[in-house]
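Take a look at the structure below.
Residue numbers start at 1 and run along the sequence shown. No experiment lies behind these values; they were computed from the predicted model shown.
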Amino acid sequence: MTISEMIGQSGILTLLGMGVVFSFLIIMILAMYLLHAILHAAGADKVEEPKPASPQMAASASPSAADQGAVVAAIAAALHEKNV
């Protein structure tokens, strides 16, 4: 086997490998579009927000304005100490 034959075979093998990878990517993209269409038709792509069990849980889940002010003050103090 001469060098030119080996280069020819390696070129064919390279093109064949790139073709297989490219065709797999096309198939994967088409499968993702198909899955998107199926899920959209079934209504499975909608996200429902969880509702709290009681109003007290909703009130305790959100931080109060005083807590937020304390967090902001702590961050400002840390930044001030770092820059000094």
Side-chain angles (χ1 to χ4, degrees):
M1 180 177 283
T2 65
I3 295 210
S4 61
E5 290 174 346
M6 289 175 28
I7 290 176
Q9 282 184 352
S10 64
I12 291 171
L13 187 61
T14 300
L15 291 176
L16 183 65
M18 290 174 66
V20 167
V21 170
F22 189 70
S23 61
F24 174 75
L25 289 174
I26 298 263
I27 291 169
M28 188 173 66
I29 290 170
L30 292 175
M32 290 173 66
Y33 276 123
L34 180 66
L35 184 63
H36 170 73
I38 291 170
L39 289 176
H40 186 68
D45 58 348
K46 293 181 174 67
V47 177
E48 295 181 14
E49 294 184 20
K51 297 179 183 173
S54 67
Q56 291 176 346
M57 283 183 64
S60 65
S62 62
S64 65
D67 291 341
Q68 289 178 354
V71 170
V72 171
I75 292 172
L79 288 174
H80 180 70
E81 285 181 16
K82 185 176 182 176
N83 290 334
V84 171

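Atom CG in L34 sits 14.0 Å away from atom CD1 in I29 (nearest 0.5 Å). Note that CD1 of I27 and CZ of F22 are 11.5 Å apart. Values are rounded to the nearest 0.5 Å. To the nearest 0.5 Å, atoms OG1 (T14) and CD1 (I7) are separated by 11.0 Å. For the atom pair NE2 of H36 and CE of M32, the computed distance is 10.5 Å after rounding to the nearest 0.5 Å. With rounding to the nearest 0.5 Å, the separation of CG in L25 from CG in L30 is 11.0 Å. Expressed to the nearest 0.5 Å, how far CG of L16 lies from CE of M18 amounts to 11.5 Å.
Clustering ILVMFWY residues whenever any of their side-chain heavy atoms sit less than 4.5 angstrom apart, transitively, puts F24 in the very cluster that holds V21. Linking ILVMFWY side-chain heavy atoms closer than 4.5 Å, directly or via other members, places L79 and V71 in a single hydrophobic cluster.
Surrounding CD1 of I3 are at most 12 heavy atoms belonging to other residues, nucleotides or ligands under 6.0 Å away.
Partners of T2 by side chain to side chain donor-acceptor pair (under 3.5 Å), not counting sequence neighbours, listed by chain and number: S4.
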